[in-house]
There are 2 protein chains.
Amino acid sequence: MANRSETKIKILDAAERLFAERGFSETSLRLITSKAEVNLASVNYHFGSKKELIRAVLARYLDVFMPAATQALQLKQQTEQQASLHDIFSTLIQPLLDLNDLRYRGTTTFLQLLGRGYIESQGHLRWFITTHYGEHLTEFVAAVSQSVPNIPKVELFWRLHFTLGTVVFTMASSEALSDIAAAEFGEQNDIETVIRKVIPYVAAGVSESNITASR
Amino acid sequence: MANRSETKIKILDAAERLFAERGFSETSLRLITSKAEVNLASVNYHFGSKKELIRAVLARYLDVFMPAATQALQLKQQTEQQASLHDIFSTLIQPLLDLNDLRYRGTTTFLQLLGRGYIESQGHLRWFITTHYGEHLTEFVAAVSQSVPNIPKVELFWRLHFTLGTVVFTMASSEALSDIAAAEFGEQNDIETVIRKVIPYVAAGVSESNITASR
DNA sequence: TCCTAATTTAAACATACGTTTAAATTAAAC
DNA sequence: GTTTAATTTAAACGTATGTTTAAATTAGGA
């Protein structure tokens, strides 16, 4: 019972930063443990394997974010019975920004991790998220569906995945994009600005009324 | 001068399929050469390195697609002087579908490769594309910009990257999405259907008139 | 204080990877 | 048919990875 395992937290902190920056498979346990200033073997001791470490890193954010997002959504639904799609998406802003209180640069890190998680690790992280946080996702989709009743379910399925792609890709490369925007247009963008830019974009796409028929 | 190097083509064919399916870093040269039924060392003999093989795989598509896309765009601009954003994006459809004549499942493969390329390989593929095909990209962006003159340049920059994210992510996981859509809604989707679904979505997002001010 | 279980540590393990080497083989040039 | 250069081949190299081992260390409960 040594040290109450501050080691575990040091590993998680170093891992999440490196995973977000470089991706999961491009980040070795040796790099993580050296940045965390702990022994290499402690990852396997505390987490079992690299795969389980990845899940632990994501879970630390999802366990905070998912309930907060669901709560914000429910609050909005109670106060406003005819919430627009823009409103629905906007309920996510505060829960996302609150992650910055949790950890330094928490919002950016979380969104980058989410992006990496969906892109890399064929399926196994997607499975992890949907099985552990499925109820929250279902509830959100239902709220979206209700706010755009004229969009068929199949169409909505596709558009929400388009939206996921937009967000996930943007966030995974938000560093690079912000740098380019700063150099090209002299515009300094923090994560909140980017979030507030992306919401009208995806809301317009999802509620678009020109529906392409399946052929 | 043995064999007129059919080996080179066998490697490219096997590599592009595996790269598209599993990503670049998850695909080993040993897997590629075994599927291609050639010797392991032949990759380094013909291409120099894995990195150059990746570029060769992408170049084989880009060299066909980029000029075709530019030509289709110019044709549209000549016949219609007030092309809508939807029109502009739609000029890409035929050049994309023509890749299926080039190779079996060429369209899907190309889009998946493009997605993987932007996501993986931090920057070095992005650099490769912009330096080798920059004129085509610039021309396309100019056409988009002209069709939505009321959108400020900075805003357009962001929205086009959102669009890139949408397309790239959707295509990188289009297999999985089509499977889910088939299971959930009984809808069989080929790549053309997905492309025709995504265009109204991104066109709506890009031309959306609610512009968020920078703060 | 002593004991015990949790933790840390250094080392080694097993495997996979991209790449290089040098010999064997092949096909075209003469 | 012989020569020559391009190509193929099997093997090895060097390095990096995640994981395991067993001994050393630590800290809390008796």
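Lettering follows sequence order; numbering is per chain, from 1. All values reported here derive from a predicted model rather than from experimental measurement.
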Can you check whether His46(B) has a side-chain N or O nearer than 4.0 Å to OP1 or OP2 of dA6(D)? no

Short side-chain N/O contact to dT9(D) OP1/OP2 from Ser42(B), under 4.0 Å: no

Write down the distance between [atom1] ([X]) and [atom2] ([N]), rounded to a whole number of angstrom.
{"X": "Glu6(B)", "N": "dT8(D)", "atom1": "CD", "atom2": "P", "answer": "9 Å"}
{"X": "Tyr45(B)", "N": "dT8(D)", "atom1": "OH", "atom2": "P", "answer": "7 Å"}
{"X": "Lys10(A)", "N": "dT8(C)", "atom1": "NZ", "atom2": "C1'", "answer": "11 Å"}
{"X": "Leu18(B)", "N": "dC17(C)", "atom1": "CG", "atom2": "C1'", "answer": "16 Å"}
{"X": "Ile54(A)", "N": "dT19(D)", "atom1": "CD1", "atom2": "C1'", "answer": "15 Å"}
{"X": "Lys51(A)", "N": "dG18(D)", "atom1": "NZ", "atom2": "P", "answer": "13 Å"}
{"X": "Ile11(A)", "N": "dT8(C)", "atom1": "CD1", "atom2": "P", "answer": "8 Å"}
{"X": "Asn39(A)", "N": "dA22(D)", "atom1": "CG", "atom2": "C1'", "answer": "13 Å"}

Over all strands shown, is Thr27(A) touching base, sugar-phosphate only, or nothing at heavy-atom distances under 4.0 angstrom? sugar-phosphate

From the list dT7(C), dT19(C), dT19(D), which nucleotide is the closest neighbour of the side chain of Asn44(B)? dT19(C)

From the list dT9(D), dG18(C), dT9(C), which nucleotide is the closest neighbour of the side chain of Ala41(A)? dT9(C)

The residue, Leu40(B) or Leu29(A), whose nearest nucleotide of DNA chain D is more 5′ is Leu40(B)

Do other residues, nucleotides or ligands put more than 12 heavy atoms under 6.0 Å from Glu37(B) CD? no

Going by the rule side-chain contact (heavy atoms from CB on, under 4.5 Å), which residues pair with Arg103(A) if we only count those two or more places apart in sequence or in a different chain? Asp13(A), Glu16(A), Arg60(A), Tyr61(A)

Could you check whether Asn189(B) and Ser178(B), counting side-chain N and O atoms only, form a donor-acceptor pair closer than 3.5 Å? no

Less than 3.5 Å apart, any donor N or O on the side chain of Thr7(B) or Tyr45(B) sitting next to an acceptor on the other? no

May I ask you to test the Phe65(B)-Leu92(B) pair for a side-chain heavy-atom distance under 4.5 Å? yes

Taking the side chain as C-beta and beyond, is there a heavy-atom pair between Phe157(B) and Ile180(A) under 4.5 Å? yes

Protein-nucleotides 14-16 of chain D N/O pairs closer than 3.5 Å?
none

Give, for atom OG1 of Thr170(B) and atom CG of Leu164(A), the distance between the pair rounded to the nearest 0.5 Å. 9.0 Å

